[in-house]
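Taking it in order: structure first as structure tokens, then the write-up.
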Amino acid sequence: MTSVLVLYMSRGGHTARIARRICESIAAASGRAEMMDITEAEREGVDWGRYDVVALGAPVLYGTYDKRVLAFVARHRAALEAKPNSFFNVSVVARTPEKATVEGNRYLQKFLRLSPWQPKDLKVIAGKVDYPAWPWHERVMIQLIMKYTHGPTDPRTVIDYTDWDDVRAYGEHLLTLA
Ligand SMILES: Cc1cc2nc3c(=O)[nH]c(=O)nc-3n(C[C@H](O)[C@H](O)[C@H](O)COP(=O)(O)O)c2cc1C
């Protein structure tokens, strides 16, 4: 049975939800999947030998990635590259079709510039706008990003842009990398 490890970093919980859906879709397709927060992975260690495929996902925050993500991929580059691997990013700019592609999503291109690990497989996933859940200073920053990208700026907005069927398909795709 093909075994997939889904590593993730999530600030507000949405990337964690995506990781969970990926794992559910792998299990539904008769694979085995485990998800692990990168902070937990650093603390507890990862038994890399147990997995056939490794995926790692992270949200775009202020145009870049949490430094723990970049530190993790730098430290574990060899383990990540030793087997089929994939990286997915989560951002609200990916709500438009042209920015939902590997070529059109500049944050994905930025990851490839910043990361010593060059993933073999890439995926762009649209995230969630949740103004009421964000502290005011973050909300204002994201309202600015939204203003420039013609997205919603009403502070009451909660919109999940994630295409959950596509997330399920990505989980099934991960199994085919083995
Ligand atoms: C502090 C903060 C900064 C963000 N910056 C960006 C950004 O620069 N570009 C973008 O497309 N989305 C941005 N987002 C949107 C997140 O990528 C999106 O909400 C994602 O679903 C968050 O995932 P998480 O809940 O796993 O942290 C930002 C969100 C937050 C909270």
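In each ligand, atom 1 is the first atom listed, and ligand 1 is the first ligand listed.
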Which ligand 1 atoms does [X] reach within 4.0 Å, using its non-hydrogen atoms?
X     : result
Gly13 : 24 (P), 25 (O), 26 (O)
Thr15 : 23 (O), 24 (P), 26 (O)
Val93 : 11 (O)

Please report which non-hydrogen protein atom sits nearest to [atom], along with the residue it belongs to and the distance in Å to one decimal place.
atom                    : result
atom 24 (P) of ligand 1 : Gly12 N, 3.4 Å
atom 9 (N) of ligand 1  : Tyr107 OH, 3.3 Å
atom 25 (O) of ligand 1 : His14 N, 2.8 Å
atom 21 (O) of ligand 1 : Lys128 N, 3.0 Å
atom 7 (C) of ligand 1  : Ile145 CD1, 3.6 Å
atom 20 (C) of ligand 1 : Val90 CG1, 3.9 Å
atom 12 (N) of ligand 1 : Val92 CG2, 3.2 Å

To which of [options] does the heavy atom nearest [atom] belong?
atom                    : options                     : value
atom 6 (C) of ligand 1  : Thr64, Val60, Ile142, Ile18 : Val60
atom 8 (O) of ligand 1  : Ala58, Gly127, Ala16, Gly63 : Gly63
atom 31 (C) of ligand 1 : Trp134, Tyr62, Tyr161       : Trp134

Practice prompt. Kindly assign one of parallel, tilted or perpendicular to the pair Phe72 and His76, based on the angle between their ring planes and the thresholds 30° and 60°.
Written response: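 If you compare the ring of Phe72 with that of His76, the planes turn out tilted.
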Got [X] and [Y] here, is their nearest side-chain heavy-atom distance under 4.5 Å?
X     : Y      : value
Ser25 : Val167 : no
Leu70 : Phe111 : yes
Trp48 : Leu80  : yes
Val60 : Tyr65  : yes

Worksheet item: Within less than 4.0 angstrom of ligand 1, does Tyr8 place any heavy atom?
Response: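 It does not; every heavy atom stays at 4.0 Å or beyond.
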Worksheet item: Under the salt bridge (charged side-chain N to carboxylate O under 4.0 Å, His left out) criterion, do Glu81 and Arg77 qualify, and how do the steps go?
Response: CA-CA 6 Å; Glu81 286 177 351; Arg77 174 186 177 178; 3.3 Å; yes
Discussion item. Give me the atom names and distance for the closest heavy-atom approach of Gln143 to Asp154.
Written reply: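 Scanning both residues completely, I find the closest heavy atoms to be NE2-C, 4.4 Å.
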Worksheet entry | Minimum-distance pair of heavy atoms, taken over all atoms of Ser10 and Ala16 |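 In terms of heavy atoms, the two residues are closest at OG-N, 3.4 Å.
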Worksheet item: Any N or O of Pro59 that comes nearer than 3.5 Å to an N or O of ligand 1?
Response: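 No.
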Practice prompt. Check the pair Thr39, Asp37 against side-chain hydrogen bond (donor to acceptor under 3.5 Å, both in side chains), reporting the backbone distance first and the verdict last.
Written response: CA-CA 5 Å; Thr39 307; Asp37 184 295; 3.2 Å; yes
Practice prompt. Verify whether the ring centers belonging to Trp164 and His14 lie closer than 6.0 Å.
Written response: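 Yes, ring centres under 6.0 Å apart.
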Practice prompt. Using a 4.0 Å heavy-atom cut-off, say whether Val129 meets ligand 1 through its side chain, its backbone, both or neither.
Written response: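 The answer is neither.
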Worksheet item: Where's the contact between Asp130 and ligand 1, heavy-atom distance under 4.0 Å: side chain, backbone, both or neither?
Response: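 For Asp130, there is no contact with ligand 1 at all, from either part.
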Worksheet entry | Reference residue Arg95; test side-chain contact (heavy atoms from CB on, under 4.5 Å); the match among Ile159, Thr149, Asp163 |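 When Ile159, Thr149, Asp163 are each tested with Arg95, the side-chain contact (heavy atoms from CB on, under 4.5 Å) holds only for Thr149.
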